[in-house]
Amino acid sequence: MASSMTFIFICAVLVFFMTPGLAFFYGGMVPQKQINNTLMSVFIMCSIPVLLWVIGGYSLSFSGNHWNLIGDFHNLMLNHLNLAAPSVAAGGKISNAAFLLFQMMFAIITPALFVGAIVGRMNFKFLISFVILWSIFVYYPLVHLVWGGGFLQSFGALDFAGGLVVHIDAGVTALILAYFLGPRLVQKKGSPKNLSWVLLGTAMLWVGWYGFNAGSALSMNSVAMQAMLTTTVATATAMLTWMVLDVFTKRNATLFGVCSGAICGLVAITPACGFVSVAAALWIGLVATLVSYFFITTVKPLLKIDDTLDAFGCHGVSGIVGSIMTGLFASKSINAAVTSNGLFAGGGWHQLGLQLGATGFTILYTAVIVTLIILVLKQIIRMRISSAAEKLQEDWDA
């Protein structure tokens with residue numbers, strides 16, 4: 001167990017590294033006067049979700065199993081939890097402390113993702129209150145349903161490292177928040193203000209993603225190496241795909257497009273990385289990027305929902321594609337945890353059906369609960385900053 005503990009320690013640090021990476025990624029895309037607010041909105045997630053996870057998040061996610069829907073409060077404030085003992089939730093591969101810390105990093109990065117949809121116009125008090133309620137009523141239940149013994153896990157739905165739990169969850173949340181928040185007062189198009197930050201953030205996210213995906217094997221083994229390899233191939237494919245699309249549609253390849261493609265590839269392979277072959281990873285990166293690119297350039301303008309930094313377009317859409325395509329390519333030969341081969345891996349329609357059902361449920365559950373949280377919270381706290389404050393931030397051309 002010692003080698004696995006060392007491995008998870010490193011992976012947990014890498015996943016934590018993703019949140020400041022995301023802060024740079026988002027911060028590089030906003031106007032000068034919005035940078036501090038954007039950095040603060042992302043980096044504060046290194047505080048609140050940590051405390052929530054220790055107080056009750058871990059317990060609700062991994063302690064007990066009530067109605068195959070949610071955990072209990074047996075490990076409230078980590079009481080009755082022997083941190084040095086082997087973790088049952090991790091199959092005994094690592095200690096409870098190591099598993100708790102690794103999963104805590106997921107709880108940090110997930111709410112940080114949807115910040116990209118609402119930068120520059122959400123009341124900070126509303127954001128903090130929303131994150132608390134969202135963690136309790138959306139994130140922890142989904143963690144339990146998919147990884148903690150809930151019905152999605154018992155039915156056989158596959159999510160290796162967070163396609164359902166992290167990316168679809170955060171992406172749908174971003175879209176709903178953007179809808180209720182309304183569009184920016186002035187929407188000016190153009191290149192991101194600081195492409196150096198965007199590239200730095202992308203690189204930090206990519207490096208951290210190896211901890212995110214390979215670490216989800218919870219041991220230094222062949223599955224972890226498979227996850228790392230498929231992550232690299234899918235991301236490289238996605239980068240190239242976005243660049244080619246830009247060349248054919250805009251006659252110009254851009255650094256921002258390459259970075260956007262990389263994020264789509266990382267997102268798309270996340271649910272499948274430890275279940276599929278390298279060839280499958282290539283197809284997942286390709287298809288997810290095509291769909292995300294089409295959504296952002298064609299569908300999003302028709303919806304008239306101002307998802308400022310395309311949190312749904314990249315994380316939500318690519319996450320949905322990756323989750324569904326897991327049902328096409330998942331293979332028992334890659335990972336013994338796969339009970340039914342995917343449609344293109346010699347199996348039938350069973351696993352694809354499970355992935356479609358789990359993906360649809362995650363979208364619906366997240367949309368409904370997030371809507372309810374917003375409607376209630378709006379009665380107590382103003383959701384949007386004042387028009388005067390927002391106008392002060394309109395310096396896209398500065």
Side-chain angles (χ1 to χ4, degrees), residues 19 22-49 108-135 137-139 166-189 192-193 198 201 260 263 295-296 300-301 303-317 319 366-367 369-396:
T19 300
L22 185 69
F24 276 108
F25 182 71
Y26 283 163
M29 288 190 275
V30 300
Q32 184 68 33
K33 291 182 180 179
Q34 291 181 10
I35 290 177
N36 285 343
N37 178 267
T38 301
L39 296 178
M40 176 70 167
S41 297
V42 174
F43 198 58
I44 194 63
M45 301 308 170
C46 294
S47 170
I48 297 166
I108 291 171
I109 186 68
T110 307
L113 294 174
F114 58 68
V115 168
I118 49 86
V119 292
R121 60 195 195 280
M122 177 172 279
N123 183 343
F124 193 71
K125 292 179 181 178
F126 186 95
L127 175 62
I128 298 306
S129 302
F130 177 83
V131 167
I132 294 172
L133 295 175
W134 176 89
S135 297
F137 295 106
V138 179
Y139 184 72
V166 177
H167 297 294
I168 297 176
D169 176 8
V172 172
T173 299
L175 189 68
I176 302 299
L177 281 173
Y179 170 76
F180 277 98
L181 196 57
R184 286 163 285 174
L185 294 179
V186 177
Q187 299 184 46
K188 297 180 181 179
K189 297 182 179 180
K193 283 296 179 182
V198 174
S260 298
I263 297 300
F295 177 86
I296 291 170
K300 179 186 172 183
L303 294 178
K304 300 188 184 304
I305 297 178
D306 188 11
D307 175 359
T308 313
L309 306 182
D310 290 314
F312 179 76
C314 289
H315 293 277
V317 174
T366 302
I369 302 302
V370 167
T371 298
L372 291 175
I373 292 173
I374 292 172
L375 290 175
V376 172
L377 203 54
K378 281 179 66 177
Q379 306 305 312
I380 305 169
I381 303 173
R382 179 174 178 155
M383 186 176 188
R384 186 164 178 152
I385 62 175
S386 67
S387 298
E390 189 172 345
K391 286 178 180 177
L392 289 175
Q393 302 182 60
E394 293 169 6
D395 64 343
W396 286 98

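If you run side-chain contact (heavy atoms from CB on, under 4.5 Å) between Met383 and each of Leu377, Ile374, Asn123, only Ile374 comes through.
Side-chain atoms of Val119 and Met29, non-hydrogen and from C-beta on, never get closer than 4.5 Å to each other. Contact of the Ile168 side chain with the Thr366 side chain is not registered, since no non-hydrogen atoms from C-beta on lie closer than 4.5 Å. Between Val30 and Leu309, the closest side-chain pair of non-hydrogen atoms falls below 4.5 Å. Contact of the Ser135 side chain with the Thr110 side chain is not registered, since no non-hydrogen atoms from C-beta on lie closer than 4.5 Å.
Pairing each heavy atom of Arg121 with each of Arg384, the nearest pair is O-CG, 3.1 Å. Closest non-hydrogen pair, Pro49 versus Ile108, comes out as CB-CA, 4.1 Å. Across Gly116 and Thr308, no two heavy atoms sit closer than the pair O-CB, 3.5 Å. Between Cys46 and Thr19 the shortest heavy-atom distance is SG-CG2, 3.7 Å. A pairwise comparison of heavy atoms in Gly313 and Phe295 identifies CA-CD2, 3.8 Å as the closest pair. Pro111 and Val131 make their closest contact through CB-CG1, 4.3 Å (heavy atoms, listed as atom of the first residue, atom of the second, distance).
With sequence neighbours excluded, no residue satisfies side-chain hydrogen bond (donor to acceptor under 3.5 Å, both in side chains) with Arg382. In this view, Phe137 and Leu133, Ile369, Ile373 satisfy the side-chain contact (heavy atoms from CB on, under 4.5 Å) rule, not counting sequence neighbours. A search for side-chain contact (heavy atoms from CB on, under 4.5 Å) contacts involving Tyr179 returns Ile305, not counting sequence neighbours.
Listed for the Asp310 side chain is no donor-acceptor partner under 3.5 Å among the backbone atoms of Cys314. The backbone N or O of Asp307 sits less than 3.5 Å from a side-chain atom of Lys300, completing a donor-acceptor pair.
A distance of 8.5 Å separates CD1 of Ile176 from CZ of Phe312, quoted to the nearest 0.5 Å. Remark: Phe24 CZ to Thr38 OG1 distance equals 13.0 Å, nearest 0.5 Å. How far CE of Met45 is from CD1 of Ile128: 5.5 Å, rounded to the nearest 0.5 Å. From Leu22, atom CG reaches atom OG of Ser41 across 11.0 Å, with rounding to the nearest 0.5 Å. A distance of 6.0 Å separates CG in Leu127 from CE in Met122, rounded to the nearest 0.5 Å. We find the CD1-CZ distance between Ile380 and Phe126 to be 9.5 Å, quoted to the nearest 0.5 Å.
Ring centers of Phe180 and Phe130: at least 6.0 Å apart, outside the cut-off.
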Determine whether Ile263 and His315 satisfy the following criterion, side chain to side chain contact (heavy atoms under 4.5 Å, CB included), listing intermediate values before the conclusion. CA-CA 8 Å; Ile263 297 300; His315 293 277; 4.1 Å; yes
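Using a 30° and 60° split on the angle between ring planes, Phe114 and Trp134 fall in the perpendicular class, above 60°.
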